[in-house]
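What follows is one structure encoded as structure tokens, with my remarks underneath.
Just so we're on the same page: letters track the sequence lines, and every chain starts at 1. These numbers come from a predicted model, not from an experiment.
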Number of protein chains: 2
Amino acid sequence: MSSARATSARDLTRNQHLVLGTLEKAESPLSAYSILDQLREEGLRAPLQVYRALDKLLEMGLAHRLESLNAFVACAHPHCHKSGLIAFAICESCGQVSEFSDDVVRQRLDDWAAREGFVTKRTTMEIRGACRACASAA
Amino acid sequence: MSSARATSARDLTRNQHLVLGTLEKAESPLSAYSILDQLREEGLRAPLQVYRALDKLLEMGLAHRLESLNAFVACAHPHCHKSGLIAFAICESCGQVSEFSDDVVRQRLDDWAAREGFVTKRTTMEIRGACRACASAA
DNA sequence: GGCATTATGTTATGACATTACAAGTTTGAG
DNA sequence: CTCAAACTTGTAATGTCATAACATAATGCC
Ligand SMILES: [Zn+2]
Ligand SMILES: [Zn+2]
Ligand SMILES: [Zn+2]
Ligand SMILES: [Zn+2]
């Protein structure tokens, strides 16, 4: 099998496909358990089924984990993650998440790491606050 | 009462003092439950006693929460948090945490927020990897 | 004292994540 | 084809992190 959709390195399994679909339809980050609840009628029953799918999706760069929320989102830019450092702005009012990157920031952190001899494996950067719409509504 | 130690705005309560002391003695971030375990002999019994103390310590800037670990550390620079943005480098091998700040990074994020109309409340920035000692040992 | 405010103690519960084991699928060597 | 290795899935139980709800005690102001 395996026809068109070359998502990344390989095709998705059924569970991975279901989980990613749920994340893509959502307007806000979802916890693993709320993903599970939305997929009960598809036959999923245990948290591990979701966590296993999420692990692979994170590896492939198709989803991200928001550490400050213990929640997950589908990647907003599946095709351009060259930067290597992604930042998230999370609206605490409406839940919307914006994904962006900044080469200057990446460079400054790389410089710091080089000076300190620190070998970076992964960086998380999360800005919490209110998006334009919610900020002006308040 | 209340003599010398003007930690911040006010003196610490007994529980706050115990929790902060535990964090300061630790060489790595501690979870709330491991703080609790270390304070059983001081009379603490329930998670909430620790979480309440931590909440106040975070407010006062005497401790920080590491979102990517669900753990807490004592602040390394209690007297100079003017920058408003603190980054943490966490060694996944030895657990050591370095706390630093970078005005250029802060400025870039402020600029992004200004462009987007995003009102920032709080920013977390955590670099995971290996410190110099552990990286060269490996 | 009387009353508001703040800190504490205790139990129960909720939310997030993993361990351990069993069973089914796929794939490819022989 | 047959068998076994490698991988994926299913399930139950457990572990870890955090808060809700309620009761009690100390503190400070009038
Ligand atoms: Zn992305
Ligand atoms: Zn919003
Ligand atoms: Zn600090
Ligand atoms: Zn180290």
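Regarding A:His17, its NE2 atom lies at a distance of 17 Å from the P atom of D:dT8, rounded to whole Å. Atoms CG (B:Leu54) and P (D:dT19) sit 10 Å apart, rounded to a whole Å. In this structure, CG of B:Leu48 is placed 16 Å from C1' of D:dT16, rounded to the nearest angstrom. Rounded to a whole Å, the CG atom of B:Leu57 is 14 Å from the C1' atom of C:dA7. As rounded to whole Å, 16 Å separates atom C1' of D:dA18 from atom CG of B:Leu69. To the nearest angstrom, P of D:dC7 lies 14 Å from CD of A:Gln16. Per the geometry, CZ belonging to B:Arg40 stands 13 Å off C1' belonging to C:dG9, to the nearest Å. Regarding B:Ile35, its CD1 atom lies at a distance of 16 Å from the P atom of D:dT16, rounded to whole Å.
Note on ring orientation: taking the six-membered ring where Trp is involved, the planes of A:Trp112 and B:Phe100 are parallel (angle under 30°, cut-offs 30° and 60°).
Side-chain nitrogen and oxygen atoms of B:Lys56 include none within less than 4.0 Å of the OP1 or OP2 phosphate oxygen of C:dT6. At the phosphate of D:dG10, OP1 or OP2 sits under 4.0 Å from a side-chain N or O atom of A:Gln49. At D:dG10, none of the side-chain N or O atoms of A:Arg14 fall inside 4.0 Å of OP1 or OP2 (strictly under the cut-off). The side chain of B:Thr13 contributes no N or O atom lying less than 4.0 Å from OP1 or OP2 of C:dT6.
Here C:dT10 is the nucleotide among C:dT10, D:dT8, C:dC16 with the atom lying nearest to any side-chain atom of B:Arg45. Here the side chain of B:Tyr51 is nearest to one of C:dT18, D:dT11, D:dT19, namely D:dT19. Distance from the side chain of B:Ala46 is smallest for C:dT10 among the nucleotides C:dA17, C:dT10, C:dC16. Side-chain proximity of A:Asn15 to C:dC16, D:dT11, D:dT9: nearest is D:dT9.
B:Arg52 comes within 4.0 angstrom of a base, heavy atoms only.
Each of B:Leu44 and B:Asn70 was matched to the nucleotide of DNA chain C holding its nearest heavy atom; the match closer to the 5' end belongs to B:Leu44.
Just one residue in the list A:Thr22, A:Val19, A:Asp37 forms a side-chain contact (heavy atoms from CB on, under 4.5 Å) with A:Leu30, and that residue is A:Thr22.
A salt bridge links A:Arg122 with A:Glu67: the closest approach of a Lys/Arg side-chain nitrogen to an acidic carboxylate oxygen falls below 4.0 angstrom. Remark: B:Asp110 engages B:Arg106 in a salt bridge, criterion side-chain N to carboxylate O under 4.0 Å.
Transitive grouping of hydrophobic side chains (ILVMFWY, heavy atoms separated by less than 4.5 Å) brings A:Phe72 and A:Leu62 into a common cluster.
Both stacking criteria are satisfied for A:Tyr33 over the base of C:dC16: a centre-to-centre distance under 5.5 angstrom and an angle between ring planes under 30 degrees.
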